[in-house]
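Below you'll find the structure, written out as structure tokens, and then a few comments.
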Amino acid sequence: MSCLHRMGLCALLFISQALCAQHNDIIAIKNALPRLTDSAAYADALNRLSSLYLPRQLDSSGVYARRAGELSERIHYSKGQRDALRGMGRYYALRPHRYLSFLFYDNALAACRAAGDSAGVAVSLMNIGTFYQYQQKHTEAQNYINRALKVAWDAGLDSLRAWVLVSYYIINESDSAALPIAQKGLQQALNLTDRYHDEPGILYTRLFAAHEQMRAGEIKKAEETLKGIMAAADSTGLNYIAMYACMQLTGYCIWQRKADSLQYQRKSVSYAVAGGYTGLMLPAITGLYNTYLQSGDASKASGYSRLALGVMQQQQEDMQAGEADYLSYAFGDEWLDSLQQQHHSQQEQLAFNKATNHFWYYQLLIIAAIAILLIILLIYFVRAHRLSRKNAASMATLQEEIRVGNKALQDNDDFKNKLISMIAHDFRTPLYNIVNITGFIDEKALTVTDAASMIVEVEHTASDTLVIFEEILRWIRTQLSGFVYHPEIFLLEEMISATAGNLQHLLAGKDIRLSIDIPAGTTVLADYEMLQFIHRNFLHNAIKFSPDYGVITIKATRKNNLLTVSFTDEGSGIDAAVLPHLFNWSSSTSEQDRAGKGAGLALIICKDFIDKMNGNIKAENNYEEGSTFYYQLPESLEKA
């Protein structure tokens with residue numbers, strides 16, 4: 001069975017209530033949780049959050065399903081237990097631990113049948129059919145999916161019937177005999193999602209409509225459909241749908257022998273990491289590792305190797321945790337049944353003793369004593385089991401701390417290597433300029449006026465290089481242990497004026513006008529050198545990327561006890577793909593510049609300085625043209 005086919009079956013777990021999730025719904029439910037006093041309503045809210053998070057963030061979905069199940073079991077809330085069982089089934093199916101998923105769905109099916117829950121029965125039948133298709137038991141899979149369709153049809157569950165029809169399509173699309181019926185079922189699913197205005201459901205169903213376009217030879221149309229689905233899913237946070245669309249595009253590109261298949265494969269892994277679906281993407285991660293290893297790119301190969309190792313370790317831990325979850329549920333039910341049977345037995349024995357003599361009365365006392373002893377032993381074993389789980393959790397926490405420590409050591413080593421590379425890049429260019437200028441002077445190929453002009457340029461270049469060197473040294477000192485932040489109060493307008501004066505030759509060289517909008521007497525509480533470093537770099541970047549005769553605006557505002565200082569230019573703006581990583585040292589050098597030049601070390605230092613001063617730093621593109629860099633610091637109302 002192909003990777004895409006397997007992922008398609010996994011996607012069937014997203015019933016309509018999960019895919020209709022909206023970010024605002026999540027926020028509203030979370031805000032309402034503290035105000036819920038009814039335990040049953042609280043369990044329903046937890047189950048709802050589990051469904052909403054399923055196509056967005058798998059780990060959060062599992063946490064809420066587990067909490068809902070524990071609460072529902074304590075208060076004997078049967079609906080909450082049924083929903084939690086389905087939630088745990090969905091969670092382990094996408095880990096993927098499909099046998100555990102099957103166990104939870106099988107229990108959910110039994111509970112839904114006992115409660116007369118038609119929708120729950122249909123969903124459980126559909127997902128058990130999916131499990132059998134994974135086991136390549138096509139006959140059993142068809143049997144369950146046909147039963148699910150009948151329940152959904154008889155109960156008039158049209159919105160749910162759309163998802164069962166998609167399930168029917170995926171199970172039968174590789175069967176040439178059943179393909180025409182499967183295609184009609186897919187078209188019915190499209191019509192139903194349109195009727196109910198289920199936008200995420202439409203996106204999901206169109207994934208398979210694109211497959212039919214490809215089957216019909218409409219390759220370009222299928223690719224455009226998938227790109228549209230990927231963009232829409234990305235904008236609404238539906239990481240699973242975006243990941244699936246990327247993988248489908250990867251398969252089509254490989255089939256057509258296109259060079260950009262690797263791009264979509266990398267993007268699908270990124271969506272999987274963001275949503276916690278890396279277990280499903282292990283073959284793709286391994287393939288990327290082999291590709292980069294064969295091409296000689298050891299850095300990228302190492303990254304995917306670490307990711308694959310983390311996925312395998314996580315699967316091992318999930319398997320142990322999943323078995324504990326299921327055993328806890330199963331043993332909990334057995335214990336409850338045992339207590340209920342004991343209660344009935346004692347009631348019958350009591351009624352019998354009332355009709356017998358004192359001899360049976362003494363026998364009842366003996367039986368009661370034995371029952372008490374059994375209960376004591378049962379309590380002892382339950383406590384021992386809880387202690388064992390607590391110790392296992394402590395061990396898992398310790399292992400996680402060790403893993404985080406090892407990761408921090410690796411990050412520090414990577415940072416050291418990148419720091420050396422970026423410093424070399426930042427110093428190489430100005431030093432080459434100085435060497436080139438002095439070479440012209442030595443060759444006496446210049447007039448006295450040109451030589452004087454170049455000497456002035458050498459002076460500016462050497463001064464700028466020295467300033468950069470001093471700033472990097474100061475930043476490195478802040479990284480050493482013992483650094484203590486001692487803020488003082490300064491006039492912001494004086495600091496900006498001093499920075500503008502230092503860079504006046506660059507402003508004059510491009511005839512750039514500087515517009516300063518700072519209220520008189522505005523003060524800032526900060527470290528002077530750290531803040532001036534940020535001012536110099538923001539203004540230098542604005543000059544560097546501004547066109548000739550442009551305008552740079554420096555503005556200060558106060559709001560919500562924060563002082564915001566912004567630097568706005570009229571340049572070309574920042575690439576949308578690069579913008580989120582401007583201040584992140586772990587991104588590649590080429591990703592940290594909006595025009596393709598420079599190592600970006602200065603922006604990393606700016607981010608570190610503003611963090612030490614308890615502030616925020618950000619960059620964004622303007623509405624029309626150019627970009628704005630700004631920082632925020634806690635407000636200071638005192639005078640300098």
Task: Ring centres under 6.0 angstrom apart (Y144, Y132) - done: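 Between Y132 and Y144, which both carry aromatic rings, the centre distance is below 6.0 Å.
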Residue pair [X] / [Y], side-chain heavy-atom distance below 4.5 Å:
{"X": "R95", "Y": "L58", "result": "yes"}
{"X": "I574", "Y": "E620", "result": "no"}
{"X": "V164", "Y": "L157", "result": "no"}
{"X": "Q248", "Y": "F208", "result": "no"}
{"X": "L378", "Y": "L374", "result": "no"}
{"X": "D234", "Y": "Y271", "result": "yes"}
{"X": "D44", "Y": "K79", "result": "yes"}
{"X": "Y264", "Y": "K227", "result": "yes"}

Task: R558 atom CZ, over 12 foreign heavy atoms within 6.0 Å - done: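 Enclosed.
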So which atom in [X] and which in [Y] form the shortest heavy-atom distance, rounded to 0.1 Å?
{"X": "I534", "Y": "Y631", "result": "CG2-CD2, 4.0 Å"}
{"X": "T523", "Y": "L563", "result": "O-CD2, 3.7 Å"}
{"X": "G89", "Y": "S101", "result": "O-OG, 2.7 Å"}
{"X": "I617", "Y": "C606", "result": "CD1-CB, 3.8 Å"}
{"X": "A242", "Y": "A233", "result": "N-CB, 3.7 Å"}
{"X": "A272", "Y": "M281", "result": "CB-CG, 3.4 Å"}

How long is the straight-line distance from [atom2] of [Y] back to [atom1] of [X], given to the nearest 0.5 Å?
{"X": "N47", "Y": "S61", "atom1": "CG", "atom2": "OG", "answer": "9.5 Å"}
{"X": "I29", "Y": "L52", "atom1": "CD1", "atom2": "CG", "answer": "5.0 Å"}
{"X": "S388", "Y": "H385", "atom1": "OG", "atom2": "NE2", "answer": "7.0 Å"}
{"X": "F538", "Y": "T628", "atom1": "CZ", "atom2": "OG1", "answer": "10.5 Å"}
{"X": "D611", "Y": "Y485", "atom1": "CG", "atom2": "OH", "answer": "11.5 Å"}
{"X": "R56", "Y": "T236", "atom1": "CZ", "atom2": "OG1", "answer": "6.0 Å"}

Open item on the list: Ignoring hydrogens and geometry beyond distance, is a side-chain donor-acceptor pair present between Q632 and T564 at under 3.5 Å?
Closed with: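 There is such a pair between these side chains.
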Distance-only, no hydrogens or angles: does the [X] side chain make a donor-acceptor pair with backbone N or O of [Y] under 3.5 Å?
{"X": "D608", "Y": "I604", "answer": "no"}
{"X": "T397", "Y": "A393", "answer": "yes"}
{"X": "S124", "Y": "V121", "answer": "no"}
{"X": "N560", "Y": "L562", "answer": "no"}

Task: SB check D154 R161 (cutoff 4.0 Å) - done: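 Between R161 and D154 there is no salt bridge, as every charged N stays at least 4.0 Å from the carboxylate O atoms.
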Open item on the list: Run L46 and Y42 through side chain to side chain contact (heavy atoms under 4.5 Å, CB included) and show every step you take.
Closed with: CA-CA 6 Å; L46 292 175; Y42 198 97; 3.7 Å; yes
TODO: Could you give me the CA-CA distance, side-chain angles and deciding distance for Q399 and I402, then say whether side chain to side chain contact (heavy atoms under 4.5 Å, CB included) is met?
DONE: CA-CA 5 Å; Q399 290 175 348; I402 293 172; 5.5 Å; no
Open item on the list: For R90 and N127: C-alpha separation, side-chain torsions, deciding distance, then whether side chain to side chain contact (heavy atoms under 4.5 Å, CB included) applies.
Closed with: CA-CA 9 Å; R90 293 192 300 263; N127 287 288; 5.7 Å; no
Task: salt bridge (charged side-chain N to carboxylate O under 4.0 Å, His left out) between R67 and E70, intermediate numbers included - done: CA-CA 5 Å; R67 288 174 56 190; E70 292 171 351; over 6 Å; no
TODO: Step by step, work out the side chain to side chain contact (heavy atoms under 4.5 Å, CB included) result for I610 and L633.
DONE: CA-CA 8 Å; I610 206 70; L633 286 173; 3.8 Å; yes
